[in-house]
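Numbering of ligands and ligand atoms starts at 1, following listing order.
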Amino acid sequence: MPKSQEEHAKHWDLRDEDFNDNDLLYDVYDVMRAKSSFAYTEKPFLTPDAGGSWVAVSYSACAAILKDWEHFSSNPTPEGAEQLPGDIVITLDPPRQQKFRKVLNPYFSPGRMQQLQPEIRSETDILIDEFIESGAGDLAEVAWRQPGIVFFKYVLGMPIEDVPLCIELTDTALNGTTEDARSAAWGGLYQHLTDAVVAHSEGPPADDMIDVLLNAEIDGQKLAFQDVVGNAMLLVQAGLETTANAMSFAFHYLAKHPDERDRLIREPEIMPYAVEEFIRFAGSIHGIPRTVTGDVEVDGHTFRPGESVQVNYASANRDAAEFPQAERCVLDRRQNRHLGFGAGVHRCLGSNLARLEFRLGLEQVLARIPDFTLATDAQAKFHGNSVTRGFRTVPVTFTPGKLSD
Ligand code: HEM
């Protein structure tokens, strides 16, 4: 018997089986926000041995926390950064975190990412070619495989033959059904990335992210080997599933709403707004933690040092106090200061890449199979883990088309 919204709001647990799609979950967020900017959950987050934590659910609270890194540290043990296995940008605080960003930002600039446009378009086409002649296919395959191929092949410059295995390992690491399967997959991925870093350090210069990390100097010192591998691992965690989930949601939404699909074809100029709106509406992350470093008040609530707060970007992005008609996906929403990519010093490093992959995925599918609708003989499958949520299959049918040139 599913629990009531009230019950869920009191004991919020993203892994609860009632949240088998997004509908109930966002209703529960509405209940939580109506009560307060913060809820408390005793359910551990990310790791089974973590204790309970506060959850920031309103737009104002999430934005305030993200902008106040001095009181809300990204380091799980801010009083002892050395306890972490290495320097990984998402768990550091300024000033060291900013030095990492200075190294990484130029690679992910809009101009640099734009240079990948032909490759991303062509990789997307190859994925569509796998089913276009049959008149039926799974658009989640495009959403899931395209960001992985782009990332491992072009951003990390890994050997082409390793790419399918790396994508599979990433998926198992994040979504494997047992703890053992997940940690074995993390181990496999770590080994592949270690091998790639060794190969890069011994080979000729390459124009990719591993070389950027290998050549980086922070405070006059090269990065430690483990930090190069660690940050490459972070990029895998941060950049693949997030983009895949947002894109798979968009394909599902457009397949279910043919009038919206046709509008996007008819009015290509609204595409950039549509990409942002899909990220606001259903493509956002449901929680990343901060640790309180000193007494601080936000929205009338006083936090104490050592407390943990999860920033729920997804809930903030449905807050009617910030977004008129927050519960509707409005493809050409103009005022859209969503927190999907975060805010403040840790604002998403890969947002330019994510937007590009997302736009090109949508453009190629809309151009090549414009009349796709949800298949009637197969169900779309939804999946969520403790950070992101989206469709694992989006079966569609359409008028068969031709292979790309
Ligand atoms: C739709 C897709 C994406 C979404 C929704 C998303 C969301 C986010 C969010 C909310 C943060 C802030 C985390 C925080 O406040 O602690 C973040 C940070 C980050 N993202 Fe993304 N992201 C996406 C795609 C990507 C991609 C494609 C990459 C790289 C390939 C990437 C790399 C990163 C990194 C490295 C950080 C940490 C930055 C730092 O700590 O300074 N993300 N992302």
Side-chain angles (χ1 to χ4, degrees), residues 46 56 62-69 72-76 84 87-105 107-110 112-113 116 120 143-144 146-156 170 208-210 212-213 227 230-250 274-291 309-317 338-362 387-390:
L46 291 183
C62 290
I65 289 172
L66 292 174
K67 287 174 191 157
D68 183 3
W69 60 265
F72 295 97
S73 166
S74 289
N75 190 316
L84 290 173
D87 269 356
I88 295 171
V89 64
I90 203 163
T91 56
L92 292 173
D93 292 327
R96 190 145 174 87
Q97 181 263 357
Q98 285 295 291
K99 294 178 182 169
F100 270 77
R101 287 296 296 242
K102 226 172 154 182
V103 165
L104 296 167
N105 281 347
Y107 182 85
F108 285 101
S109 70
R112 185 89 189 253
M113 290 298 102
L116 287 174
I120 301 178
W144 281 84
Q146 182 244 48
I149 292 169
V150 171
F151 188 77
F152 287 114
K153 192 165 160 184
Y154 302 103
V155 176
L156 288 189
T170 308
D208 57 39
M209 195 69 230
I210 292 184
V212 170
L213 289 166
D227 293 347
N231 281 282
M233 287 282 279
L234 164 67
L235 289 164
V236 174
Q237 278 171 272
L240 266 54
E241 201 172 41
T242 43
T243 314
N245 273 324
M247 215 192 298
S248 74
F249 169 80
V275 167
E276 297 308 315
E277 179 66 346
F278 284 132
I279 289 166
R280 178 194 75 86
F281 191 71
S284 325
I285 293 178
H286 291 250
I288 292 195
R290 296 289 192 269
T291 305
V309 193
Q310 299 174 42
V311 181
N312 192 321
Y313 313 79
S315 172
N317 282 338
H338 69 75
L339 296 179
F341 289 122
V345 293
H346 288 277
R347 198 182 175 285
C348 180
L349 174 71
S351 59
N352 297 314
L353 176 61
R355 287 185 175 118
L356 185 64
E357 290 173 340
F358 198 158
R359 175 171 66 76
L360 293 172
L362 283 176
V387 180
T388 63
R389 305 165 63 75

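Ring-plane geometry between F278 and F358 is classed as parallel, the angle between the planes falling under 30 degrees on a 0 to 90 degree scale with a further cut at 60.
Scanning both residues, F72 and R290, for their nearest heavy atoms gives O-CD, 3.6 Å. Smallest separation of non-hydrogen atoms from F108 and L349: CB-O, 3.3 Å. Pairing each heavy atom of M209 with each of L156, the nearest pair is CB-CD2, 4.1 Å.
Of all the atoms in ligand 1, the ones that sit under 4.0 Å from a non-hydrogen atom of I288 are 13 (C), 16 (O). Close approach to L66 involves these atoms of ligand 1, each under 4.0 Å from a residue heavy atom: 15 (O).
Of the protein's non-hydrogen atoms, the one nearest atom 38 (C) of ligand 1 is R101 NH1, 3.3 Å. Atom 14 (C) of ligand 1 has as its closest protein heavy atom Y313 OH, 3.2 Å. The protein heavy-atom contact nearest to atom 30 (C) of ligand 1 is F151 CE1, 3.7 Å. Ranking protein heavy atoms by distance to atom 40 (O) of ligand 1, first place goes to H346 ND1, 2.6 Å.
Between G283 and ligand 1 there is a heavy-atom distance shorter than 4.0 Å. Using a 4.0 Å cutoff on heavy atoms, M247 does not count as a contact of ligand 1. In this structure, G340 counts as a contact residue of ligand 1, since one of its heavy atoms falls inside 4.0 Å of the ligand.
A distance of 13.5 Å separates NZ of K153 from CG of D208, quoted to the nearest 0.5 Å. Here CD1 of I65 is found 8.5 Å from CG of D68. Values are rounded to the nearest 0.5 Å.
For the pair E357 (side chain) and T243 (backbone), a donor-acceptor distance under 3.5 Å is absent. Although no hydrogens or angles enter the test, the distance criterion places a donor-acceptor pair under 3.5 Å between the side chain of D93 and the main chain of S74. N231 places a side-chain N or O within donor-acceptor distance of the main-chain N or O of D87, the cut-off being under 3.5 Å.
In L104, neither the side chain nor the backbone holds a heavy atom less than 4.0 Å from any atom of ligand 1. If you look at I285 next to ligand 1, the close heavy atoms, those under 4.0 Å, all belong to the side chain.
Every side-chain contact (heavy atoms from CB on, under 4.5 Å) that A314 has, sequence neighbours left out, goes to Y26, Y29, S284, H286, N312. Every residue two or more places apart in sequence or in another chain that forms a side-chain contact (heavy atoms from CB on, under 4.5 Å) with A343 is listed here: L66, K67, L339.
In terms of N/O distances under 3.5 Å, ligand 1 is not approached by T243.
The nearest non-hydrogen atom to atom 15 (O) of ligand 1, considering only R290, H338, Q97, M113, comes from R290.
Around atom 21 (Fe) of ligand 1, the protein atoms of type N, O or S that sit closer than 2.8 Å are C348 SG.
Within the structure, every pair that satisfies the salt bridge (charged side-chain N to carboxylate O under 4.0 Å, His left out) test and touches residues 277-287, not counting sequence neighbours, is listed here: E277-R280, E277-R333.
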